[in-house]
Amino acid sequence: MMKLLVLNGPNLNLLGIREPNVYGRRTYRDLVNLIHRHARETGVFAAVAQSNYEGDLVTAIQWMYGRYDGLVINPAAYTHTSVALLDAVKGVGIPTVEVHISDVSKREDFRQVSYIRQAAVLTIAGHGFEGYLEAMDYLRENFGEVRR
Ligand code: DQA
């Protein structure tokens with residue numbers, strides 16, 4: 001079975017409370033449940049994690065090496081600042097899809113830069129929570145192996 005890690009960066013634990021006009025009213029727990037249900041329905045294993053700390057996210061990505069087959073990452077604000085996350089994804093060489101709940105292309109100038117993008121096989125932005133499910137499907141369809 002294909003093993004995916006869905007990794008969320010800072011403030012995404014506040015989903016449901018945080019700027020509902022931008023991120024909606026569904027909670028982080030709702031997101032985790034949605035991902036687990038989709039994993040069950042599509043026959044993949046998905047672990048879901050969140051951290052407010054850049055170093056924790058780097059460590060999680062390093063830990064995936066030799067253990068996981070794909071990464072779905074919403075680095076949140078670290079998208080726009082973190083060379084360390086980019087280097088981690090490049091370092092492990094695991095197929096990675098970048099996800100953003102909001103359409104960052106239509107937001108502030110400082111959100112127009114994404115460091116992780118150059119290491120991602122796909123970027124999905126502005127599709128809400130469903131973007132995570134699309135990312136999982138993309139990894140399964142393109143990097144899942146029939147023999148698994
Ligand atoms: C976000 C967009 C980022 O710019 C922001 O810092 C976030 C969430 C999104 O999912 O739309 O925290 O990654």
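Note that ligands are numbered from 1 as they come in the structure, with each ligand's atoms numbered from 1 the same way.
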Look only at the side chain of D69 and the backbone of K3, and say whether a donor-acceptor pair between them is shorter than 3.5 Å.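 Checking the backbone N and O of K3 against the side chain of D69, a donor-acceptor pair under 3.5 Å is found.
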What are the atoms of ligand 1, with element, lying closer than 4.0 Å to any heavy atom of [X]?
X	answer
I101	9 (C), 10 (O), 11 (O)
V104	2 (C), 4 (O)
A77	6 (O), 12 (O)

May I ask you to check if ligand 1 and [X] share an N or O to N or O distance below 3.5 Å?
X	value
V99	no
H80	yes
R107	no

So between R111, H100, Q112, whose heavy atom ends up nearest atom 5 (C) of ligand 1?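 The nearest heavy atom belongs to R111.
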Passing option when Y138 is tested against L133, V121, V72 for side-chain contact (heavy atoms from CB on, under 4.5 Å): V121
Scan side-chain atoms only and decide if N52 and E54 contain a donor-acceptor pair under the 3.5 Å cut-off. no
So, D56 and T59: side-chain donor and acceptor under 3.5 Å apart, yes or no? no
Starting from [atom], locate the nearest protein heavy atom and write down its residue, its atom name and how far away it is, to 0.1 Å.
atom	value
atom 11 (O) of ligand 1	S102 OG, 2.6 Å
atom 12 (O) of ligand 1	R18 NH2, 2.8 Å
atom 8 (C) of ligand 1	Y23 OH, 3.4 Å

Roughly how far, to the nearest 0.5 Å, is the CZ atom of F129 from the CD1 atom of I35? 8.5 Å
Thinking salt bridges, do K90 and D87 make one under a 4.0 Å N-O criterion?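 Looking at D87 together with K90, the answer is no, because their closest N to O distance does not fall below 4.0 Å.
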Electrostatic pair E19:R25 at N-O distance under 4.0 angstrom: no
Tell me the contacting part of E98 for ligand 1: side chain, backbone, both, or neither, using a 4.0 Å heavy-atom threshold, strictly below. neither
Salt bridge (charged side-chain N to carboxylate O under 4.0 Å, His left out) for R26 and E130? Distances and angles first, verdict last. CA-CA 12 Å; R26 286 183 289 175; E130 279 60 35; 3.3 Å; yes
